[in-house]
Amino acid sequence: GDSVTQMEGPVTLSEEAFLTINCTYTATGYPSLFWYVQYPGEGLQLLLKATKADDKGSNKGFEATYRKETTSFHLEKGSVQVSDSAVYFCALLNTGTASKLTFGTGTRLQVTL
Amino acid sequence: SQTIHQWPATLVQPVGSPLSLECTVEGTSNPNLYWYRQAAGRGLQLLFYSVGIGQISSEVPQNLSASRPQDRQFILSSKKLLLSDSGFYLCAWADDGNQPQHFGDGTRLSIL
């Protein structure tokens with residue numbers, strides 16, 4: 001079946017540092033890929049998405065590129081802020097699954113001054 | 001635009017008591033609806049999903065049940081809560097097809 005693997009957290013960075021959160025997936029066919037963000041005490045918000053190979057999703061300074069050859073969708077940001085502290089979830093959506101998402105376990109990011 | 005509402009935001013219940021959590025979606029028709037549970041510091045576990053009124057699929061055997069009495073209403077219930085039912089419950093919706101899910105703000109359930 002489909003699966004998503006994310007790097008273990010927590011990730012602790014200083015403000016303005018470069019961020020990479022690794023995500024790899026296993027799936028049949030051609031899934032769509034997503035990053036969700038969960039701020040403390042809140043639900044999940046869709047951060048960005050990519051629906052086919054080589055697509056780059058971007059939002060709020062975050063980017064991720066759908067790499068079919070390496071089955072990866074790593075999340076990056078050039079300069080993190082304290083307000084980016086949250087848990088980040090990588091997820092995939094395969095066709096014919098009633099829009100059921102397969103989530104990674106989440107990576108907690110802590111940004112300090 | 002579409003919105004999703006969950007309530008209550010926080011709930012404290014004794015062991016053995018019943019439960020009813022409600023989720024409603026506005027601004028769309030015939031959405032797919034989902035209930036997730038997130039244990040403290042853990043990932044998301046899909047509990048139930050529904051592709052239409054009265055159609056419920058259960059992903060894991062458990063003490064909970066779900067119902068969809070109206071097109072945009074999804075209810076999570078239990079007749080007798082267990083300590084292990086504590087967690088953060090999230091409702092989500094999606095249009096049919098390859099569309100992402102959109103989440104509510106969640107209900108934090110504590111069982112005493």
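As the structure is a prediction and not an experimental result, all values here were calculated from the model. Residue numbering restarts at 1 for every chain, and letters A, B, ... go by the order of the sequence lines.
Interface check for chain A: of the options Ser50(B), Pro100(B), Ala92(B), the most heavy-atom pairs under 4.5 Å are formed by Pro100(B). When the candidates Val51(B), Leu46(B), Asp105(B) are compared by the number of heavy-atom contacts under 4.5 Å with chain A, Asp105(B) comes out ahead. Put simply, of Arg108(B), His102(B), Glu59(B), the one with the most heavy-atom pairs under 4.5 Å next to chain A is Glu59(B).
Between Gln38(A) atom CD and Phe88(B) atom CZ the span is 6.0 Å, to the nearest 0.5 Å. The CZ atom of Phe34(A) lies 8.5 Å from the CD atom of Gln101(B); values are rounded to the nearest 0.5 Å. The distance from atom OH of Tyr36(A) to atom CG of Leu44(B), rounded to the nearest 0.5 Å, is 10.0 Å. Once rounded to the nearest 0.5 Å, the distance linking CG of Leu44(A) with CD of Gln38(B) reads 6.5 Å.
Linking ILVMFWY residues whenever their side-chain heavy atoms come closer than 4.5 Å, directly or via other members, places Tyr25(A) and Ile21(A) in the same cluster. A single hydrophobic cluster is not seen to contain both Leu109(B) and Leu90(B); linkage of ILVMFWY side chains at heavy-atom distances under 4.5 Å, directly or through other members, places them apart. In terms of hydrophobic clustering, with Ile, Leu, Val, Met, Phe, Trp and Tyr side chains grouped at heavy-atom distances under 4.5 Å, Leu21(B) and Phe74(B) are assigned to a common cluster. Linking Ile, Leu, Val, Met, Phe, Trp and Tyr whenever their side-chain heavy atoms come within less than 4.5 Å puts Val111(A) and Leu19(A) in one cluster. One hydrophobic cluster, built from ILVMFWY side chains closer than 4.5 Å, holds both Ile111(B) and Leu76(B).
The neighbour count for Tyr30(A) OH, taken as heavy atoms of other residues, nucleotides or ligands under 6.0 Å away, does not exceed 12.
Put simply, the side chain of Leu101(A) reaches to within 4.5 Å of the side chain of Tyr36(B), judged on heavy atoms. Taking 4.5 Å as the limit, some side-chain heavy atom of Lys100(A) sits within range of a side-chain heavy atom of Tyr49(B).
Interface remark: Gln6(A) contributes no atoms to any contact with chain B (heavy atom separation under 4.5 Å). Looking at Gln6(B), neither its backbone nor its side chain comes within 4.5 Å of chain A, counting heavy atoms on both sides.
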